[in-house]
Engineer: 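Got a structure for you, written out below as structure tokens; questions coming shortly.
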Amino acid sequence: MNLSVNGVTHEIESSLLTPLLDVLREELGITGPKAGCHQGGCGACTVLVDGEPRRSCLMPVAYADGGEITTAEGLGTPEALSPIQQAFVHHYAAQCGFCTSGMLLAGQSYIDHGGTDDAEAIQTALGGHVCRCTGYAKIVEAVAAAARGDSFDLTETAVGKYTTMTTGTTGGAA
Amino acid sequence: MKVVGARIPRYDGIAHVTGRTTYVDDVRVPGTLWVKALRSPHHSASITRLDTRRAEELAGVHAVVTHADVPLNEYGHLSALGIPADEPLLAVDEVRYKGQPIALVAADTEELAAEAVAKIDIELEERPALIDVRQAFDEGAPKIHHWGNWYPHFEDEMDRRQIRKGNIAEAFERADSIVQGVYRPAAIEHAPIETQVCQVVPEPSGRLTIYTCTQALYFSMGVVAAHLQVPLNKLKLVGGTTGGGFGGKVDTATETMCSLLALKSGKPVKWRWTREEEFLCSSTRAPWHMELATAVTADGWILGLKMLTLHDAGAYARFSPYGLTKHSFHHTGAYTIPNLEFDGYVVFTNRVPTTAMRGFGVTSVSFAIETHMSRVAHVLGLDPMEIRLKNANRIGDTSPNGVVYTDPSTVATMQAIAESIGHELPAEYRTMTNERRSGELLPEHLVAQVGNPEDH
């Protein structure tokens, strides 16, 4: 089997029925998609398969064979964030960050399919995604901002330009 | 004040949105074993037989641990504060809640670890369980904890948190009405999207590196060191990245058990709870049972409050004595009540042990007192906003435990709420401030409780 993940093609060694999530995380080491429940209930594992949001914990990898997969790592880089990533940073839509990658991809797919900044439509699009930190309002605002094409200066603060923003890991682990 | 109200970027924002943040589950250590637990299938039972040999003999199993492998099996979450321990890390001869860990396995794969757990020989004699906190407090209830059914080790070995203020008998004699209510907020599961997870790596130096999702890193470090009976310099904890906690990740749920398996197997191990385990076995916010009786005047003064609180600790004490202490100090909420008789108990049940969650101890009493204030207003036929403003904490008023308020916010908060919902307040309430009581707002029954903020 072959998967193109964020534009890079990989030969897959896992067995046919291995969940796509486990292939991404364990075989390929792409850890943006999270294992929140392994039951399709939380949305943290959502990735785009040929542009459509899919629960990677429920999808056997064989179903994605030959497909184009996009994870949060593939939306943009720390040096060049995509519009929806900028919107999530600007609107504080990521708190603990564990649901964020799934939210971003569901939001991106919504926008790619012509979604507008209508709050109700955004809520429907993100309906299966659970967040326990934010109360959702900031996430909906961020997707709406990205749908409108708002632009942000992420370095702007009250104490002058913020120039030392780190782009690596958050100190959790090596 | 340059940063108050200003936009400050999250230090971890960019890593979060690009999938670069490394949570515990994202740490990659080659050769890592997977952990699974044998948990109690019953709320309450005696363990009559426990034999792990069949699990140990399974190919691919590298370590099995039980209570016999723990250098110090009982260590309390508040031991550092002098509160005695009551909870075994791994059950010995009895289990007191469904899901309580009894034995652990580390194996080559998660599936193999689960298979080995199923091979552990265990026999249990199920006993009747107490699930409701009010029933556990009944005189005739079966005893489910070696300390009795409620925590007996408050200061001076008292079995309750007790507050007495003013003259409660006189308040109830003087009352025009007595309003009673019982309030029972239920347990709440924190349900972080990241389940409990831990990775432990034994280092060649003899130290353990512990990757943890804890909310309380130094706390967990002390707990692990105590159970293992090793000095702190044998442990290196790596934390700071928590995929949601809300209080549910202050109990050291996985770190010690993974450390035992890493030491016994000599290999890195990882334990990631399933969503089912998180819901069924992780600690929750406590259920509470609160009985309130207030002595009130026809024009809406609260003269006195009698209150009985039963705080459901679940099967073991953990942080509950601390939670109940906070609860008792705040039990009149945003209001000043001069005559008090408060008795609060930390009651044991056969539920999962309860723990911290966003203001634990205080949210429960806020729910009770706010609901009760509206009930009093309803009984007296008064405006629920006005009765709150009348009895609001003001500068110089004293809390249940005698703290003098220097800048209470009840008045401003109530006024803002009234305005935001379009609730017309009479002029005297619309314009009142939180300044020291005087005139009509200092009736005789409140005089004795007023203190001097300068003395505070």
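Computed over heavy atoms, backbone and side chain alike; hydrogens, waters and symmetry mates excluded. A, B, ... follow the sequence lines: proteins, then strands. Residue 1 opens every chain.
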Engineer: Working to the nearest 0.5 Å, report the span between NZ of A/Lys34 and CG of B/Asp26.
Structural biologist: 3.0 Å
Engineer: What part of A/Leu75 gets within 4.5 angstrom of chain B, counting heavy atoms only: side chain, backbone, both, or neither?
Structural biologist: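 No part of it gets close to chain B.
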Engineer: Test your reading of the model: is there a side-chain donor-acceptor pair from B/Arg10 to the backbone of A/Val89, 3.5 Å cut-off?
Structural biologist: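 Not a single qualifying donor-acceptor pair exists.
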Engineer: Taking the side chain as every heavy atom from C-beta outward, state whether A/Gln85 and B/Thr18 have any atom pair closer than 4.5 Å.
Structural biologist: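 When only atoms from C-beta onward are counted, B/Thr18 and A/Gln85 do touch, with a gap below 4.5 Å.
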Engineer: Hey, could you give me the CZ/OG distance between B/Arg20 and A/Ser101, rounded to the nearest 0.5 Å?
Structural biologist: 11.5 Å
Engineer: Given a strict heavy-atom distance threshold of 4.5 Å, which part of A/Ala94 is in contact with chain B: side chain, backbone, both, or neither?
Structural biologist: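 For A/Ala94, backbone and side chain are both near chain B.
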Engineer: Side chain, backbone, both or neither: which part of A/Thr77 has a heavy atom under 4.5 Å from chain B?
Structural biologist: both
Engineer: Is there a donor-acceptor pair under 3.5 Å between the side chain of A/Arg25 and the backbone N or O of B/Asp25?
Structural biologist: yes
Engineer: Return the CD to CZ distance between B/Glu189 and A/Arg132, rounded to the nearest 0.5 Å.
Structural biologist: 7.5 Å
Engineer: Pick one of side chain, backbone, both or neither for A/Cys37, based on which atoms fall under 4.5 Å of a heavy atom in chain B.
Structural biologist: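 Both the backbone and the side chain of A/Cys37 come within 4.5 Å of chain B.
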Engineer: Is it the backbone or the side chain of A/Gln95 that comes under 4.5 Å from a heavy atom of chain B, or both, or neither?
Structural biologist: both
Engineer: Taking side chain as C-beta onward, heavy atoms only, is B/Thr22 less than 4.5 Å from A/Thr31?
Structural biologist: no
Engineer: Does A/Gln39 have more than 12 heavy atoms from other residues, nucleotides or ligands lying within 6.0 Å of its CD?
Structural biologist: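 Yes, because the 6.0 Å sphere around CD of A/Gln39 holds more than 12 heavy atoms from other groups.
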Engineer: Using heavy-atom distances under 4.5 Å, tell me whether B/Thr195 contacts chain A through its side chain, its backbone, both, or neither.
Structural biologist: side chain
